[in-house]
Amino acid sequence: NKSTSTIGTGINGVVVDPTVPVALSSNIITDLIQQPQELEYYCGPATAVMILKSKQKSASQSALVGYSDLQTAKWNGTPWYADDTNQYVMSRTLNKYLGITYYCAEASPSETTLKNHIIFDINKDYPLAANINLSSTSPRPLFYRSGPLGHWFPIMGYKDYGNTIQ
């Protein structure tokens with residue numbers, strides 16, 4: 001159910017406000033292919049590789065873990081915010097490898113803001129890199145380690161007018 005509709009161009013001849021995303025019933029980026037993590041803590045590099053490959057750019061997980069990119073090797077995981085110099089490493093790395101300035105970080109968006117970002121970005125054919133943080137007591141998928149946990153994953157689509165993400 002891939003759509004070529006874009007924000008601001010109008011749907012069925014009706015011009016829409018470009019600041020308000022238009023939710024189709026569903027939309028998915030079909031060329032985002034899941035990549036297994038090469039190491040247990042390489043969820044950030046795996047997410048970045050999936051997004052880059054969906055935009056026809058290649059990089060390996062091992063190439064992205066260095067200090068000039070995701071800094072995964074330094075922190076034994078990909079940080080959300082590295083330091084005052086490197087700041088938001090995921091958006092910086094995606095922009096660097098894609099040669100754009102599209103990706104930006106937004107900490108703890110509201111549910112509505114997150115939904116609007118997902119709809120807008122997916123409709124423009126840009127997957128999102130999401131990062132969740134789980135406390136020691138948060139439920140988690142089977143086989144995930146206990147204790148506090150941060151995890152990167154790509155968002156490649158939505159259903160139910162943005163109420164369900166993929």
Side-chain angles (χ1 to χ4, degrees), residues 2-9 16-24 26-39 41-134 149-159 162 164-166:
K2 183 86 171 152
S3 168
T4 56
S5 297
T6 58
I7 304 308
T9 60
V16 295
D17 180 349
T19 63
V20 179
V22 176
L24 306 171
S26 65
N27 199 354
I28 191 164
I29 297 172
T30 56
D31 52 0
L32 191 137
I33 308 298
Q34 187 172 13
Q35 300 285 314
Q37 294 174 207
E38 292 175 4
L39 294 175
Y41 59 94
Y42 272 25
C43 58
T47 297
V49 165
M50 287 184 260
I51 291 172
L52 293 172
K53 284 186 176 184
S54 79
K55 304 304 281 178
Q56 289 73 51
K57 299 291 182 182
S58 65
S60 68
Q61 292 179 38
S62 58
L64 296 175
V65 301
Y67 186 76
S68 64
D69 293 320
L70 296 175
Q71 299 189 14
T72 308
K74 176 182 177 183
W75 301 99
N76 287 329
T78 303
W80 167 255
Y81 183 92
D83 54 46
D84 289 341
T85 302
N86 297 294
Q87 300 183 348
Y88 302 102
V89 295
M90 181 63 78
S91 57
R92 185 174 49 83
T93 299
L94 292 173
N95 287 332
K96 172 184 161 183
Y97 279 79
L98 292 171
I100 59 175
T101 58
Y102 186 85
Y103 284 100
C104 62
E106 183 161 344
S108 303
S110 70
E111 184 177 333
T112 299
T113 299
L114 177 60
K115 180 178 168 180
N116 288 342
H117 280 298
I118 291 168
I119 292 166
F120 183 83
D121 291 343
I122 297 301
N123 287 353
K124 292 183 83 58
D125 202 34
Y126 279 91
L128 291 85
N131 182 262
I132 59 168
N133 288 290
L134 303 173
L149 175 70
H151 185 61
W152 286 98
F153 59 95
I155 297 175
M156 60 186 280
Y158 64 87
K159 294 187 209 177
T164 303
I165 63 171
Q166 299 176 289

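Along the sequence shown, residues carry numbers from 1. In this text, all values refer to a predicted model and were calculated from it rather than measured experimentally. Keep in mind that the numbers below use all heavy atoms, side chains included, and drop hydrogens, waters and symmetry copies.
Under the side-chain contact (heavy atoms from CB on, under 4.5 Å) criterion, Leu128 pairs with His117, Ile118, Asp121, Ile122, Ile155, not counting sequence neighbours. Judged as a side chain to side chain donor-acceptor pair (under 3.5 Å), and not counting sequence neighbours, Thr164 has no contacts. In terms of the side-chain contact (heavy atoms from CB on, under 4.5 Å) criterion, residue partners of Ile100 (sequence neighbours excluded) are, by chain and number, Asn95, Leu98, Tyr102, Tyr103, Tyr126. For the side-chain contact (heavy atoms from CB on, under 4.5 Å) test, residues two or more places apart in sequence or in another chain that qualify with Ser68 are Lys96. For Ser58, the side-chain contact (heavy atoms from CB on, under 4.5 Å) criterion is met by no residue, not counting sequence neighbours.
For the residue pair Ser110 and Thr112, no side-chain donor N or O sits within less than 3.5 Å of a side-chain acceptor on the partner.
Rounding to the nearest 0.5 Å gives a distance of 7.0 Å between CD1 of Ile33 and CE of Met156. The structure places CG of Leu24 at 8.5 Å from CD1 of Ile119, a figure rounded to the nearest 0.5 Å. How far CD of Gln34 is from OG1 of Thr47: 9.5 Å, rounded to the nearest 0.5 Å. How far CE of Met50 is from CG of Asp31: 13.5 Å, rounded to the nearest 0.5 Å. If you take CZ on Phe153 and CG on Asn131, they are separated by 8.0 Å, rounding to the nearest 0.5 Å. Atom NZ of Lys53 sits about 11.0 Å away from atom CG of Leu32, to the nearest 0.5 Å.
For the pair Leu114/Glu106, no side-chain contact is recorded, criterion being any heavy-atom separation below 4.5 Å from C-beta on. Inter-residue side-chain proximity for Asp125 and Ile29 is flagged as met; some heavy-atom pair is nearer than 4.5 Å.
Lys115 and Gly162 get closest at one heavy-atom pair: CG-O, 3.5 Å.
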Would you please test Val49 and Tyr97 for side-chain contact (heavy atoms from CB on, under 4.5 Å) and show each step? CA-CA 10 Å; Val49 165; Tyr97 279 79; over 6 Å; no

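Using a distance-only test at 3.5 Å, with no hydrogens or angles considered, no donor-acceptor pair links the side chain of Lys57 to the main chain of Leu94. With hydrogens and angles disregarded, a donor-acceptor distance shorter than 3.5 Å links the side chain of Gln61 to the backbone of Pro36.
Under a cut-off of 6.0 angstrom, the local environment of NZ in Lys159 is sparse, with at most 12 non-hydrogen atoms contributed by other residues, nucleotides or ligands.
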Could you go through residues 77-84 and list every donor-acceptor pair under 3.5 Å that involves a side-chain atom there, pairing it with any protein atom two or more places apart or in another chain?
from  : atom 1 : to    : atom 2 : distance (Å)
Thr78 : OG1    : Thr72 : OG1    : 2.5
Tyr81 : OH     : Asp84 : OD1    : 3.0
Asp83 : OD1    : Thr85 : N      : 2.9
Asp83 : OD1    : Asn86 : N      : 2.6
Asp83 : OD1    : Asn86 : ND2    : 3.2
Asp83 : OD2    : Asn86 : ND2    : 3.3

